[in-house]
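It should be emphasised that the depicted structure is a prediction, and the values quoted were computed from it without experimental measurement.
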Amino acid sequence: MKIILINGSAIPLYEQIKNAIKENILKNKVEEGEQLPSVRTLSKDLKVSILTVKKAYDELEEEGFVESRQGLGTFVAVKDSEVKREELQKKLEEHLQEAINLSIQLNLDKKTILELFEILYKEGLDYDE
């Protein structure tokens, strides 16, 4: 699992850790049921406070991405595929909104945007084959 932190970012370190772990889970880079590094180990690896990692793990647990097992550690939660799909769909909607905002700044009309989407979508399908 790869976590890159940006010091001096407007996003707090615990949130960067939380988002990176969540991203790894959503992209299946960390499997359901897999044990995450201990709070102490991850804090040492990332050179951050134990409390920073603990806060990230606590929020991930509140959101249902991980679960703590007394005496065993923190594990990726076995997620309902519908919950995972919903999370990914929210992310897609955010990216589409960002694309729409950029297209407005560029004064692109709807036809041009849809044309570009069709081309990129088709290329994406061709790439998977």
* With distance as the sole test, does Thr112 use its side chain to make a donor-acceptor pair with the main-chain N or O of Leu108 at under 3.5 Å? -> no
* To do: Flag yes if Ile11 and Leu60 sit in one hydrophobic cluster, no otherwise; membership is Ile, Leu, Val, Met, Phe, Trp, Tyr, and two members link when side-chain heavy atoms are under 4.5 Å apart.
  => no
* Find the distance between OG1 (Thr74) and CZ (Phe65) and round it off to the nearest 0.5 Å. => 15.0 Å
* Does Lys55 pair with Glu15 as a salt bridge, N-O distance under 4.0 Å? -> no
* **4.5 Å side-chain heavy-atom contact, Ile17 and Val48** => yes
* Is Phe75 linked to Val66 within one hydrophobic cluster, defined over Ile, Leu, Val, Met, Phe, Trp and Tyr using a side-chain heavy-atom separation of less than 4.5 Å? -> no
* Roughly how far, to the nearest 0.5 Å, is NZ of Lys54 from CG of Asp58? -> 3.5 Å
* Structure fact -> The reported gap from CD in Glu94 to CG in Leu96 (rounded to nearest 0.5 angstrom) is 10.5 Å
* If Ile, Leu, Val, Met, Phe, Trp and Tyr residues are connected whenever their side-chain heavy atoms lie under 4.5 Å apart, and connections chain through other members, are Met1 and Tyr14 in the same group? -> no
* To do: Salt-bridge test for Lys27 and Glu23: reply yes if a basic N is under 4.0 Å from a carboxylate O, no otherwise.
  => yes
* Asked: Which pair of heavy atoms, one from Lys18 and one from Ala56, lies closest together, and at what distance?
  -> N-CB, 3.9 Å
* **Side-chain donor or acceptor of Glu61 paired with backbone N/O of Ser68 under 3.5 Å** => yes
* Asked: Is there a donor-acceptor pair closer than 3.5 Å between any side-chain N or O of Glu93 and the backbone N or O of Lys90?
  -> no
* Going from NZ on Lys29 to CD1 on Ile25, what distance comes out if it is rounded to the nearest 0.5 angstrom? -> 12.5 Å
* Is there a path from Ile50 to Ile21 through hydrophobic residues (I, L, V, M, F, W, Y) whose side chains come within less than 4.5 Å of each other? -> yes
* Could you grab the distance from atom CG of Leu46 to atom CD1 of Ile3, nearest 0.5 Å is fine? => 5.0 Å
* To do: Without swapping roles, check the side chain of Gln16 against the backbone of Ile6 for a donor-acceptor pair under 3.5 Å.
  => yes
* To do: Any chance you could lay out the side chain to side chain contact (heavy atoms under 4.5 Å, CB included) test for Asn7 and Leu13, step after step, and finish with the verdict?
  => CA-CA 8 Å; Asn7 287 322; Leu13 290 174; 3.9 Å; yes
* **Value rounded to 0.5 Å, distance of CG in Leu42 from OH in Tyr57** => 4.5 Å
* Within the side chain of Gln35, is there an N or O that forms a donor-acceptor pair under 3.5 Å with the backbone of Leu72? -> yes
